[in-house]
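See below for the structure under consideration.
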Amino acid sequence: MSAPPDCLHYRDGNLFMDGVDLAAVAAAAGTPAYVYSKQYISERINALNSAFAQTRHRIHYAVKANSNLAILALCKDLGTGFDIVSGGELSRVLTAGADAASVIFSGVGKSVEEIDFALKAGISCFNVESESELRRISERAANLQRVAPVSVRVNPDVDAQTHPYISTGLKQNKFGVAADHALRLYAQAAADKNLHITGIDCHIGSQISSCEPLLEALTRLLELVDQLAAQGIHLQHIDLGGGMGVTYEDEEALDFAEYGASVQQILAGREHTIYLEPGRSIVANAGVLLTRVEYTKPAAAADAPSFAVVDAAMNDLIRPALYQAWHRVMPLKEAGLNGHTPWDVVGPVCESGDFIAKSRQLDVNAADLLAVTSAGAYGMVQASNYNSRSRACEVLVDGDTFRTVRRRETIEDQLRLERNLGGDPPGAV
Ligand SMILES: *Cc1c(COP(=O)(O)O)cnc(C)c1O
C-alpha cells in the first residue's frame, strides 16, 4: 500500500492536516466534515504549471470536482481559469470573483438559458458536443447580437483504460463527435457569422494513470488541426481535457512532468495554446472526510465482517458505493492503526451498498474519529439528502489555521423548498 497524501501526518500520535490537528477541526465543526488543504491544492496547481512551463498553456480547473467557493477563489488567485458544465457552475465561478473570460463551458446538454447566460457573461469558449448544440449556440448568439466563441469536442476514440463510468473518449460514449463529423462542424462554424472558432478539445476520461492515452488523443487532434489549417481554419488552442489520475490506494499517479515534456515534444514548436482541464488531480488528495464512530458491531459469525457504524454515509461520499472506489481510513489517534480485526466502515443509510471502506485492519471503538482520505474530488459535490440527512460542512485548512467554508446544512434548509398538503408554506403561491 502507498503512503497517505502529503498533507496528512501523525504528530505525537495525532493526525494533522498541514499544521492543524484534525481533532480540533472535529471539535469545532462537528462531523461529518470535509476538510481541505489549501497548501496541497496550491502545490498541485503550481506543479502542473511548472510541468507545462515550456509550453504556452492555460489551466482551467474543472469545477465539478469540487465547487466550493473558497476553492474556486483559491484557484483564481493562483491564476487558473475554469471549466464548467452548467449555468450553476458559471454562477459559482463568477461569485468567487473570476473573470468570465477565463471560463470554458463543456457538457452535452447546454440549455438555452445556460447558453444565454454564458454569452451575456462573455465566457471564453463553448466546447460544443453536437451539431444541434452548434446550431442552438449560433441561434442564441444571433438573438443576443453576440459572436459565440466555439471549440468542437472531438471524441478521439482512445481507450483511457479506466473505469467504464469515467471513460468518455470511446465512440460508444455520449461525449463529443467523431473526427470526420468534427470537420463538417468546423466548416459550418466557419461559414456562420454568429460563431468564432477558437480551438479544438477532447476529454477522454478520468483517473488516467499513464500519459499514453492522453498523448494519443493529442496526436489525433493534431491531425485534425492540420486538416483544418489546410482548409484555412486556424485554431488558437488545443484543449486536452482533464483526467489526470491520482493515487487512492496503489494506483500510479499521472506524472505531470512527464506529461508536460511529452506534450511539448509532440507539439514540435506549434504556436497553439494548450488548455488543460484538471479536476481530480488538483483536489482529490487535498481532502478528507472526517467522521465519528457511532457504534461497533462485532461479527455475527466467523465468516461475517465486524462493522464500525460511522456518522458519514453514502449520501456524503458516494464513490465507494458508485464505483467500488477505495479510500484510505486513518484513525485520528495513531494507535488506532494497530488493529487485529478487519472492520467494514459503514454509514447509517438504509442500503447494503452504504459503505465507506471494507475489511480495514484497525483498532476502532465507539466515539473514535476517523479520516477518510482522498475525498477532495467528487465527494461533497455528489452529496445528497438521501435519508433526509443534512449535508456535511466544509473546512479549509490554511497552514496552522482553519475556517469553515460551508456551514453544515440544517433540516430547515432541507424543508424550505417543500410544501405540506393543506399547510401554508412560506412563500406559497
Ligand atoms: C470531468 C471533466 C473534467 C475533469 O476531469 P478530472 O478527471 O477530474 O480531471 C475535465 N473536462 C471535462 C469536459 C470533464 O467532463
Side-chain angles (χ1 to χ4, degrees), residues 41 44-45 47-48 51-52 57-68 71-72 75 80-86 88-90 93 103-110 114 118 123-130 133 150-156 158 160-170 173-177 199-211 213-214 217-218 221 237-248 251-256 259 274-287 319 322-323 325 374-382:
I41 294 170
R44 294 298 286 169
I45 290 172
L48 189 55
F52 282 79
H57 74 280
R58 201 172 162 83
I59 297 175
H60 295 86
Y61 168 67
V63 174
K64 76 174 190 279
N66 186 326
S67 54
N68 184 283
I71 288 181
L72 301 181
C75 290
T80 81
F82 296 92
D83 174 45
I84 60 163
V85 292
S86 72
E89 287 189 351
L90 179 53
V93 162
V103 174
I104 57 180
F105 194 168
S106 300
V108 291
K110 301 174 191 79
E114 288 174 323
I123 66 163
S124 103
C125 189
F126 289 90
N127 287 350
V128 177
E129 304 233 12
S130 65
E133 182 191 332
V150 293
S151 160
V152 174
R153 177 166 176 178
V154 174
N155 184 332
V158 169
Q161 286 153 9
T162 183
H163 191 287
Y165 286 11
I166 52 177
S167 174
T168 54
L170 287 168
N173 297 127
K174 69 178 175 184
F175 300 100
V177 299
I200 190 166
D201 63 283
C202 71
H203 171 73
I204 62 171
S206 198
Q207 188 50 4
I208 300 166
S209 53
S210 95
C211 292
L214 294 163
L218 170 59
L221 289 193
H237 75 257
I238 301 172
D239 181 346
L240 300 178
M244 294 88 115
V246 303
T247 304
Y248 287 94
E251 306 90 329
E252 195 83 33
L254 187 104
D255 185 333
F256 283 176
Y259 186 28
I274 290 292
Y275 282 9
L276 302 164
E277 303 171 349
R280 188 191 308 273
S281 57
I282 303 299
V283 288
N285 278 319
R319 299 188 70 259
L322 192 57
Y323 318 110
S374 311
Y378 305 107
M380 183 63 183
V381 287
Q382 296 197 79

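Side-chain atoms are counted along with the backbone in the values below, which use heavy atoms only and exclude waters and symmetry mates. When a ligand or atom number is given, it counts from 1 through the structure's own listing order.
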Query raised in the report: Is any NZ, NE, NH1 or NH2 atom of the basic residue among K110 and E133 found under 4.0 Å from an Asp or Glu carboxylate oxygen of the other?
Result: yes
Report task. Look at the rings of F82 and Y61 and say which category their plane angle falls in: under 30° parallel, 30 to 60° tilted, over 60° perpendicular. Result -> perpendicular
Query raised in the report: Regarding R280 and the six-membered ring of Y248, is the cationic atom NZ or CZ under 6.0 Å from the ring centre and inside 45° of its axis?
Result: no
Report task. For a side chain to side chain contact (heavy atoms under 4.5 Å, CB included) with I274, tell me which candidate from I59, L240, D239 qualifies. Result -> L240
Requested in this report: Using the six-membered ring wherever Trp is involved, compare the ring planes of Y275 and H60 and label them parallel, tilted or perpendicular (cut-offs 30° and 60°).
Outcome: tilted
Could you list, one pair per line, each nitrogen or oxygen of ligand 1 together with any protein nitrogen or oxygen closer than 3.5 Å, giving atom names and the distance rounded to 0.1 Å?
residue  : atom   : partner : partner atom : Å
ligand 1 : 7 (O)  : S206    : OG           : 2.3
ligand 1 : 7 (O)  : G243    : N            : 3.4
ligand 1 : 8 (O)  : R280    : N            : 2.8
ligand 1 : 8 (O)  : Y378    : OH           : 2.5
ligand 1 : 9 (O)  : G243    : N            : 2.8
ligand 1 : 9 (O)  : G279    : N            : 2.9
ligand 1 : 11 (N) : D83     : OD2          : 3.2
ligand 1 : 11 (N) : H203    : ND1          : 3.4
ligand 1 : 11 (N) : E277    : OE1          : 2.5
ligand 1 : 15 (O) : K64     : NZ           : 2.7

Query raised in the report: Which residues pass the side chain to side chain donor-acceptor pair (under 3.5 Å) test with S281, sequence neighbours left out?
Result: none
